[in-house]
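Note sheet for the following structure.
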Amino acid sequence: MGALRKLSVSRPNKSKMSFGRFYGVDLRTDGETGGFNRASECYNFSTADGALKINDGGVGFGEKYVLPKYEPISLYFYKRRDSQTGKIADLLMIYCNDGFIYSCPYEGGEFKLIPTLHFYNRPIGILYNYNGNDAIIFSSNEGYFRIYDGSTTITKTKMPIINSMCMHAERLFFTSSGIDGALWFSDDFDPLNWNVSLSEAGFIDMSDERGEMIGVVNFANYLFVFRSYGISKVTAYADQTEFSVTHLLTSCGKIVKNSIVNCGEYLTFVASDGIYRFDGYSISKISEHLNGKIDFLSVTAKGVFFNGYVYYVFENTKTGEKTILKSNLSGGDYSFINAGDICDFAVINAENEYRLFGVDKTQKCLFEVVKSGKYLDVPTEKVWRSKKSDFGITARVKNLTEIAFYVKGKCTVTVCSEKGQREFTVNGKGRTVLRPNLKGNIFEFEIKSNEEEVEVSGLTVTFSYYL
């Protein structure tokens, strides 16, 4: 009888990886270099505190506001006090694709046509107290502007082509289109007086190598004029003979039209190479994490600042697809919102209310931006997708034995490798453990939910492998 020989059976190594926290889209690091908890794709999820939670959504108003039958293009809030009664008479105003502006009391009702407010292109709207009345000035690039005080309209014709405007030191300033543009200014206290003289109105010729006029903004007690390739600071008080211009150096790409947003302590703007923050002296890029995510050369951008965040509506000029980027001013807290056909936002700074309204072009309705997992009563699709990674394990073949995380609500978890994929539907509250037993070298994870309420945190993955 032969001797019994001892068999040596090797045990697999185990490695447990913790995601620590979830991050939004961040393309600065590769999944192979420790960036596996930074998303390659993420929308309608907020990662502000490290967990996946619901983001901003849109809540409709039901029958409170009755919009025109035409497609809405722009939304305005006209903060107004009736000069006759002294009572607050705020208005919501919408510019539609029939070329007219419609208004409705902020308290609700039907949007009514204002026949004297017609424009062939989307107008800019700014507030001004004209002759003791709270008025709103509208202008588009058609060589005229209109002043509306809630009942009457005054039109100023034979003007240059206006592409942006603002009020500063009781004068109306605007930039005219084209490479050989100028910064124009009205007589003080009279936006209808454009008689060019040393004591009335005038203009500053700004034709140089900085390119097309993009916009003018009243900020930090100065005027800042944005060009395609530069920013100029204008001191414009009292006697126009003392006006002065300082050209500031900027190290950024071509500045995108209509993208300049006044955020209180900063201005933000979009350029061909990213999103920037400007403090009146220098610029800082706040979108390094999005390099390659957005083709800033092929988008239009409209922005608004609300409650510490700037919201940009990006529309791809080739495909027409839209997405909303919500970002704080450091760029550290940011997220994407994909919901509906949102064409514009307006900040509502009423007497006792501070809100953000939006308008949906396809649904032809208004909504309020609030933290919600739905948009116009329909739950939004929420997605977080990791980068592909080998998790620093040198073994060519690994077995993903376990996925564990905390969950509130219902979601779908999908894990993929070059050898296949596993999909799990989870609906619960508390710690959840899944056992995929999926082999491979490079792995990718996706968490998706179509629920109104959902939260995921504390994700860990466990591998077994032989060296």
Using modelled atom types and a 3.5 Å cut-off, is there a donor and acceptor pairing between side-chain atoms of Lys374 and backbone atoms of Gly57? no

A quick test of your reading: do over 12 heavy atoms of other residues, nucleotides or ligands sit less than 6.0 Å from CZ of Phe19? yes

Checking side-chain hydrogen bond (donor to acceptor under 3.5 Å, both in side chains) for the pair Asn195/Ser197: CA distance, chi angles, key distance, verdict? CA-CA 6 Å; Asn195 298 320; Ser197 73; over 6 Å; no

Spell out, as yes or no, whether a donor-acceptor pair under 3.5 Å connects the side chain of Asn55 to the backbone of Ile337. no

I'd like to know if Asp49 pairs up with Lys53 as an ion pair, taking the criterion as any Lys NZ or Arg NE/NH1/NH2 lying under 4.0 Å from an Asp or Glu carboxylate oxygen. yes

Is any side-chain heavy atom of Glu452 closer than 4.5 Å to a side-chain heavy atom of Ile54? no

I would like to know whether Tyr309 and Asp333 meet side-chain hydrogen bond (donor to acceptor under 3.5 Å, both in side chains); could you show each step before the answer? CA-CA 9 Å; Tyr309 292 87; Asp333 178 4; 2.5 Å; yes

Determine whether Phe314 and Phe296 make a side-chain contact, defined as any pair of heavy atoms from C-beta on separated by less than 4.5 Å. yes

Ion pair Glu351/Arg81, N-O distance below 4.0 Å: yes

Please check if the number of heavy atoms outside Glu209 that lie under 6.0 Å from its CD is greater than 12. yes

Taking atom types as modelled, find out whether Asn133 and Asn131 have a side-chain donor-acceptor pair closer than 3.5 angstrom. no

Scan side-chain atoms only and decide if Tyr120 and Asn141 contain a donor-acceptor pair under the 3.5 Å cut-off. no

Should Lys257 and Glu212 count as an ion pair when the cut-off is N to O under 4.0 Å? yes

More than 12 heavy atoms of other groups within 6.0 Å of Lys254 NZ: no

Can you confirm whether the side chains of Glu200 and Asn193 place a donor and an acceptor under 3.5 Å from each other? yes

Under a 3.5 Å cutoff, is there a donor and acceptor pairing between the side chains of Ser335 and Ser46? no

Asp344 (side chain) donor-acceptor with Val359 (main chain) under 3.5 angstrom: no

Has the side chain of Asp239 got a donor or acceptor atom that lies under 3.5 Å from a matching backbone atom of Glu242? no

Tyr102 side chain to Asp98 side chain, donor-acceptor N/O pair below 3.5 angstrom: yes

Phe305 vs Asn262 side-chain heavy atoms within contact, under 4.5 Å: no

Euclidean distance, Ile275 CD1 relative to Ser327 OG, rounded to 0.5 Å: 6.5 Å

About how many Å separate CD of Gln84 and OG of Ser151, when rounded to the nearest 0.5 Å? 8.5 Å

Hey, are Lys382 and Thr380 close enough side-chain-wise for a donor-acceptor pair under 3.5 Å? yes

Counting heavy atoms not belonging to Lys371, are there more than 12 under 6.0 Å from its NZ? yes

Atom NZ of Lys64 with >12 non-hydrogen neighbours under 6.0 angstrom: yes

Sub-3.5 Å donor-acceptor pair from the side chain of Tyr95 to the main-chain atoms of Pro123, do we have one? no

Counting N and O atoms only, with roles assigned by atom type, does the side chain of Asp360 sit under 3.5 Å from a partner on the main chain of Leu366, one being a donor and the other an acceptor? no

If you measure from CD on Gln240 to CD1 on Ile204, what distance do you get to the nearest 0.5 Å? 9.0 Å

Between the side chains of Asp208 and Arg227, is the shortest nitrogen-to-carboxylate-oxygen separation below 4.0 Å, so that they form an ion pair? yes

Taking the six-membered ring of Tyr23, is NZ or CZ of Arg38 closer than 6.0 Å to its centre and within 45° of its axis? yes

Are Lys361 and Asp341 close enough, and set up right, to give a salt bridge (Lys or Arg N to Asp or Glu O under 4.0 Å), and what steps lead you there? CA-CA 6 Å; Lys361 184 176 180 180; Asp341 189 9; 5.5 Å; no

Applying the ring-ring contact (aromatic ring centres under 6.0 Å, His included) test to Phe367, which of Tyr375, Phe61, Phe357 qualifies? Tyr375

Output yes when a side-chain donor or acceptor of Glu71 lies under 3.5 Å from a complementary backbone atom of Thr362, and no otherwise. no

Tell me, with the steps shown, if Phe45 and Phe336 meet ring-ring contact (aromatic ring centres under 6.0 Å, His included). CA-CA 8 Å; Phe45 267 131; Phe336 286 99; over 10 Å; no

Could you go step by step and tell me if Trp194 and Phe174 meet the ring-ring contact (aromatic ring centres under 6.0 Å, His included) rule? CA-CA 12 Å; Trp194 294 90; Phe174 69 80; 5.0 Å; yes

Does the Lys NZ or Arg CZ of Lys387 fall within the cation-pi geometry relative to Phe36 - under 6.0 Å from the ring centre and within 45° of the axis? no

Distance-only polar pair, side chains of Glu451 and Ser449, donor-acceptor under 3.5 Å: no

Any donor-acceptor pair under 3.5 Å linking the side-chain atoms of Asp26 with those of His289? no

For the residue pair Leu172 and Trp184, establish whether any side-chain heavy-atom pair is separated by less than 4.5 Å. no

Measuring only between side-chain heavy atoms, which start at C-beta, is Ile255 closer than 4.5 Å to Tyr229? no

Quick check with a 6.0 Å cut-off and a 45 degree axis cone: is Arg146 positioned over the face of Phe119's six-membered ring? yes

Do Cys343 and Glu315 come close enough that some side-chain heavy atom pair is under 4.5 Å? no

Around atom NZ of Lys285, are there more than 12 heavy atoms from other residues, nucleotides or ligands closer than 6.0 Å? yes

Carboxylate-amine/guanidinium contact Asp134 Lys79, below 4.0 Å: no

Pair Tyr43, Glu381: side-chain N/O donor-acceptor within cut-off below 3.5 Å: yes

Counting distance only, does the side-chain N/O of Tyr128 pair as donor-acceptor with the main-chain N or O of Tyr130 below 3.5 Å? no

Pair Tyr312-Thr268, side-chain donor/acceptor within less than 3.5 Å: yes

Does Lys293 come within less than 4.0 Å of Glu41, counting only side-chain N to carboxylate O? yes

